[in-house]
2 protein chains.
Amino acid sequence: MGAEMAKGLRFQPVQPVRAYQRIVEQIEEALVRGDLAPGQRLPSERELVTQFAVSRSTVREALRVLESNGVVRSRPGDPNGPEILPFSAGPLRKQMTRLARVDELTLSELIAFRMIMDGAAIQLASRLRTPEQLVEMEQTLVAMREAIEEDFDAFSEADVAFHDAVARVSRNSLIQTCNEVVRGVVLGLIADKVTHAANSRALMLESLQHHAEVVEAIRAGDGHAAARIARQNLYDYYASYVPAPEREPLRALIDD
Amino acid sequence: MGAEMAKGLRFQPVQPVRAYQRIVEQIEEALVRGDLAPGQRLPSERELVTQFAVSRSTVREALRVLESNGVVRSRPGDPNGPEILPFSAGPLRKQMTRLARVDELTLSELIAFRMIMDGAAIQLASRLRTPEQLVEMEQTLVAMREAIEEDFDAFSEADVAFHDAVARVSRNSLIQTCNEVVRGVVLGLIADKVTHAANSRALMLESLQHHAEVVEAIRAGDGHAAARIARQNLYDYYASYVPAPEREPLRALIDD
DNA sequence: GAGTTCAGCTGGTCAGACCAGTGGACTAGG
DNA sequence: CCTAGTCCACTGGTCTGACCAGCTGAACTC
């Protein structure tokens, strides 16, 4: 027999396609084609059973996958059926969080990432900010000052609001999401290590001063300086939590 | 009756928690706690039924959700049970692609993010590289030069290898993954728009030249210059795919 | 000892049932 | 006529029990 071996021929690994996956694919395709739009409703599960000619278990598994991906939402008793949701960054954030929480990730890496993201957001904000947005950022500074009179939690909250405001001005939702996620993870990691000294009034005042410098550089339109100050601040604030040998990458992000 | 209204009291909207969600939560918690690690196996579905005291349908819905999130993988007939997977960028990319497809994420945002990530990786690499890693990066340059003699796909592949090598040197897996994901999404988005001119020999040579400059700056340890060149290259290469009004943020990332 | 067979498990799918909740239609009251 | 209340068909969530094809490892054969 002429058994001939084609050169360079490569086969792809094949895994069985399960019924519920085909349902997910069909619905997602209908969505990208525009046949299905956010706000619309899917037929009821029992109706889908007949349309897809599968059992309800299979339909439900497909719906659970779609639901966990933020595509649809099912509510018990709703006679209109599952709802097609508007696109949201929620699931993206979930995945980002998962990525950031994988244990092979050191605190040093996370903080480096935070310095990069925050610096980039500030650099973009320096260029793209409108006068109104500048006012907005200055107002978050005022809120921080006022929060100092309360407790550390209030101050921390105001700090978050500041960084959120800056990230919004960057007009890049990817940056916003990454910033938000990595900040959350970092704060979660050092939450138990945070010393009593960290919430002293002096440190809060110093932090406020640093933030004010950033805003000043943004006002001047000097993105490079603004980003540099911000990264320096983050380093000063977090470096003590990082083992000395791992601080080198962080310093590499400061002195350029 | 002393019906008293607490001031400032806010209630959170509450939605019913379904049984399969609690299972997902428990398994994910076990994962972040480290009680469950990639490579390990989950008990079989029927065993989970008894442990969670629910029906198999419920267990399966939980497993489908975990599976779609890239946490586990079930194989029919496998006596060892569902496998805990190592973290993969697949689901992350899927979510990012989904958002990008519906213009929730513009190409401009993605490219800006790529410029930031790639620039940061190169900046870190300039400081952290060992002599061996420098050689490694230079070898990927050689591979790029050789690939020019083949076709554009080979060149593109070699280009990817270069950026991967740089990202590895940055020793920050967060950067590596983000870089890989956003690069994949960007390439996927412009795949159908890519002009014939893009794979001309002249452009490939020019691209190679730019990459060589980056490596040169890395060798010199000038992270700032290296990152700047890299961002400029990305801008030159991708700007034509971005509508003119949206190029402003990209420029803000170059001239500092 | 090497190869084969086979039984017991696995996950994938199906069918049918029950329940609590939803919301629209219908009805009684203004 | 409009409103307020009742009611019921139908929804999704869960459970039970069943069948099938596939994988594995141990028993079995040569």
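Computation of the quantities below employed the complete heavy-atom set of this structure, encompassing side-chain atoms and omitting hydrogens, waters and symmetry-equivalent molecules.
- Counting heavy-atom neighbours within 6.0 Å of R41(B) CZ, excluding the residue itself, gives a total above 12.
- Contact annotation for R75(A): backbone-only contact, meaning every heavy-atom pair under 4.0 Å involves sugar-phosphate atoms and none involves a base.
- Between E67(B) atom CD and dG11(C) atom P there is a gap of 11 Å when expressed in whole angstrom units.
- As rounded to whole Å, 14 Å separates atom P of dT22(C) from atom CZ of R41(A).
- Phosphate proximity of dG12(C) to R64(B): present, with a side-chain N or O under 4.0 Å from OP1 or OP2.
- Rounded to an integer number of Å, the gap from CD of Q15(B) to C1' of dG21(C) is 16 Å.
- Side chains of S55(B) and V49(B) form no contact here, defined as non-hydrogen atoms less than 4.5 Å apart.
- Going from atom CD of Q21(A) over to atom C1' of dT13(C) covers 14 Å, rounded to whole Å.
- Judged by closest nucleotide on DNA chain C, Y20(A) is the one of R56(A) and Y20(A) placed further toward the 5' end.
- Enclosure of atom CD in E47(A) by more than 12 non-hydrogen atoms of other residues, nucleotides or ligands within 6.0 angstrom is indicated.
- If you check the side chains of E180(A) and Q176(A), you find no donor sitting under 3.5 Å from an acceptor.
- Screening residues 106-118 of chain A for salt bridge (charged side-chain N to carboxylate O under 4.0 Å, His left out), with sequence neighbours left out, gives no hits.
- Taking only side-chain nitrogens and oxygens, R60(B) comes nearer than 4.0 Å to OP1 or OP2 of dG12(C).
- The CG-C1' distance, from N80(A) to dG24(C), rounds to 10 Å in whole Å.
- Taking atom CZ on R46(B) and atom P on dC9(C), their separation rounds to 10 Å, with Å as the unit.
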Item to check | From CA spacing to verdict: side-chain contact (heavy atoms from CB on, under 4.5 Å), T97(A), R101(A) | outcome: CA-CA 6 Å; T97(A) 306; R101(A) 265 210 299 240; 4.0 Å; yes
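- Taking atom CZ of R18(B) as the reference point, atom C1' of dC19(C) lies 16 Å away to the nearest angstrom.
- Look at S44(B) and you'll find a side-chain N or O under 4.0 angstrom from OP1 or OP2 of dT10(C).
- Using modelled atom types and a 3.5 Å distance limit, the side chains of Q21(A) and E25(A) yield no donor-acceptor pair.
- In 5' to 3' order, the nucleotides of DNA chain D bounding all contacts with chain A (an atom under 4.0 Å from a heavy atom) are dT11(D) to dT14(D).
- Nearest-nucleotide mapping onto DNA chain C: of P76(A) and A53(A), the residue sitting toward the 5' end is A53(A).
- P82(B) comes within 4.0 angstrom of the backbone, heavy atoms only, and of no base.
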